[in-house]
**Student:** 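After the structure tokens below, expect a handful of questions from me.
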Amino acid sequence: MDVPCVRVRRTGERWGVTQKGIDWFLAEFSLWQDAIDYARGLAVAAENSIVEGEDFQGRIALRQVLSRDAQGVVRVRSVNY
């Protein structure tokens with residue numbers, strides 16, 4: 001089973017949101033937090049997904065695993081680095 005992975009990374013002076021397997025940015029934002037919020041919104045649409053956020057140096061600074069239970073409740077588990 002392939003779990004969708006939505007990633008935020010630096011693109012010049014902005015933060016781009018992309019998805020694993022897609023070679024272009026779905027959206028770009030001035031603020032990292034806005035990009036992360038958008039990525040989470042995309043991830044919630046899937047039953048199970050991952051959100052990753054890179055820092056200014058391209059290192060993973062945030063990884064969250066999202067899953068939806070039978071009642072439709074979305075659970076978020078953060079993975080610390």
Side-chain angles (χ1 to χ4, degrees):
M1 181 172 97
D2 196 27
V3 177
C5 180
V6 182
R7 178 173 276 199
V8 172
R9 62 184 170 107
R10 195 75 173 159
T11 171
E13 294 296 315
R14 299 173 62 80
W15 294 97
V17 178
T18 190
Q19 187 169 339
K20 182 180 176 183
I22 298 177
D23 294 333
W24 62 89
F25 291 105
L26 302 170
E28 292 184 15
F29 298 87
S30 297
L31 300 175
W32 185 82
Q33 188 61 54
D34 290 344
I36 290 293
D37 290 344
Y38 180 80
R40 285 180 182 136
L42 292 176
V44 162
E47 186 173 327
N48 296 298
S49 56
I50 297 170
V51 173
E52 294 180 338
E54 295 182 2
D55 63 13
F56 281 98
Q57 288 78 36
R59 298 174 300 208
I60 300 294
L62 170 102
R63 179 175 284 151
Q64 294 178 323
V65 178
L66 288 79
S67 60
R68 185 183 312 269
D69 67 17
Q71 289 76 33
V73 175
V74 175
R75 305 212 186 273
V76 179
R77 182 174 53 92
S78 294
V79 179
N80 295 326
Y81 289 92

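What you see is a predicted model; the values in this text were computed from it and never measured.
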**Student:** Show the nearest heavy-atom pair for residues Val17 and Ala35, with the distance to one decimal.
**Tutor:**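 The pair with the smallest heavy-atom distance is CG2-O, 3.6 Å.
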
**Student:** Is a donor on one side and an acceptor on the other found under 3.5 Å between the side chain of Ser78 and the backbone of Gln64?
**Tutor:**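 Checking the backbone N and O of Gln64 against the side chain of Ser78, no donor-acceptor pair under 3.5 Å is found.
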
**Student:** In chain order, what residues pass the ring-ring contact (aromatic ring centres under 6.0 Å, His included) check against Tyr38, with sequence neighbours excluded?
**Tutor:**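 By the ring-ring contact (aromatic ring centres under 6.0 Å, His included) rule, Tyr38 matches Phe29.
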
**Student:** Applying side-chain hydrogen bond (donor to acceptor under 3.5 Å, both in side chains), name anything that partners Asp55, two or more places apart in sequence or on another chain.
**Tutor:**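 Asp55 satisfies side-chain hydrogen bond (donor to acceptor under 3.5 Å, both in side chains) with Arg59 once adjacent residues are dropped.
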
**Student:** Do any pairs count as a ring pair (Phe, Tyr, Trp, His ring centres under 6.0 Å) and have a residue in residues 45-73, sequence neighbours left out, and if so which ones?
**Tutor:**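 Every pair satisfying ring pair (Phe, Tyr, Trp, His ring centres under 6.0 Å) with a residue in residues 45-73: Trp15-Phe56.
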
**Student:** Determine, for Glu54 against Arg7, whether the closest basic-nitrogen to carboxylate-oxygen distance falls under 4.0 angstrom.
**Tutor:**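 Yes, charged N to carboxylate O under 4.0 Å.
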
**Student:** Can Leu62 be reached from Leu31 by stepping across I, L, V, M, F, W or Y side chains whose heavy atoms are under 4.5 Å apart?
**Tutor:**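 As far as the 4.5 Å side-chain criterion goes, Leu62 and Leu31 are not connected within one cluster.
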
**Student:** Please check if Ile22 and Val8 belong to a single hydrophobic cluster, counting links between Ile, Leu, Val, Met, Phe, Trp and Tyr side chain heavy atoms closer than 4.5 Å.
**Tutor:**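 Yes; Val8 is reachable from Ile22 via cluster members.
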
**Student:** Who pairs with Gln19 by side-chain hydrogen bond (donor to acceptor under 3.5 Å, both in side chains), at least two apart in sequence or on another chain?
**Tutor:**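 Gln19 satisfies side-chain hydrogen bond (donor to acceptor under 3.5 Å, both in side chains) with no residue once adjacent residues are dropped.
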
**Student:** Tell me every residue that passes side-chain hydrogen bond (donor to acceptor under 3.5 Å, both in side chains) with Arg9, counting only those two or more places apart in sequence or in another chain.
**Tutor:**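 For Arg9 there are no side-chain hydrogen bond (donor to acceptor under 3.5 Å, both in side chains) partners, ignoring immediate neighbours.
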
**Student:** Which heavy atom of Val3 sits nearest a heavy atom of Ser49, and at what distance?
**Tutor:**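 Closest pair (atom of Val3, atom of Ser49, distance): CG1-CA, 3.4 Å.
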
**Student:** Who passes side-chain hydrogen bond (donor to acceptor under 3.5 Å, both in side chains) against Asp69, sequence neighbours left out?
**Tutor:**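 Per chain and number, Asp69 pairs via side-chain hydrogen bond (donor to acceptor under 3.5 Å, both in side chains) with Arg75.
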
**Student:** Identify, with sequence neighbours excluded, every residue that meets salt bridge (charged side-chain N to carboxylate O under 4.0 Å, His left out) alongside Arg14.
**Tutor:**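 Here the qualifying residues are Glu28.
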
**Student:** My understanding is that only one of Val76, Val51, Val74 makes a side-chain contact (heavy atoms from CB on, under 4.5 Å) with Val44; could you say which?
**Tutor:**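 Only match with Val44 under side-chain contact (heavy atoms from CB on, under 4.5 Å): Val74.
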
**Student:** Could you tell me whether Glu47 and Arg68 make a salt bridge, using a distance below 4.0 angstrom between a side-chain N and a carboxylate O?
**Tutor:**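 No salt bridge links Glu47 with Arg68.
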
**Student:** Does Gln57 have more than 12 heavy atoms from other residues, nucleotides or ligands lying within 6.0 Å of its CD?
**Tutor:**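 Buried by this count: over 12 neighbours within 6.0 Å.
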
**Student:** Any idea which heavy atoms bring Gly16 and Thr11 closest together, and the distance?
**Tutor:**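 Heavy-atom minimum between the residues: N-CG2, 3.5 Å.
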
**Student:** Quick one: CG on Leu66 to CG on Leu42, what's the gap to the nearest 0.5 Å?
**Tutor:**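 The distance works out to 11.0 Å.
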
**Student:** Are Phe25 and Ile60 connected in a single hydrophobic cluster, I mean Ile/Leu/Val/Met/Phe/Trp/Tyr linked by side-chain heavy atoms less than 4.5 Å apart?
**Tutor:**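 No, it is not one cluster - the side chains of Ile60 and Phe25 are not joined through contacts under 4.5 Å.
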
**Student:** If you draw a 6.0 Å radius around CD in Gln33, do more than 12 non-hydrogen atoms from other residues or ligands fall strictly inside?
**Tutor:**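 Buried by this count: over 12 neighbours within 6.0 Å.
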
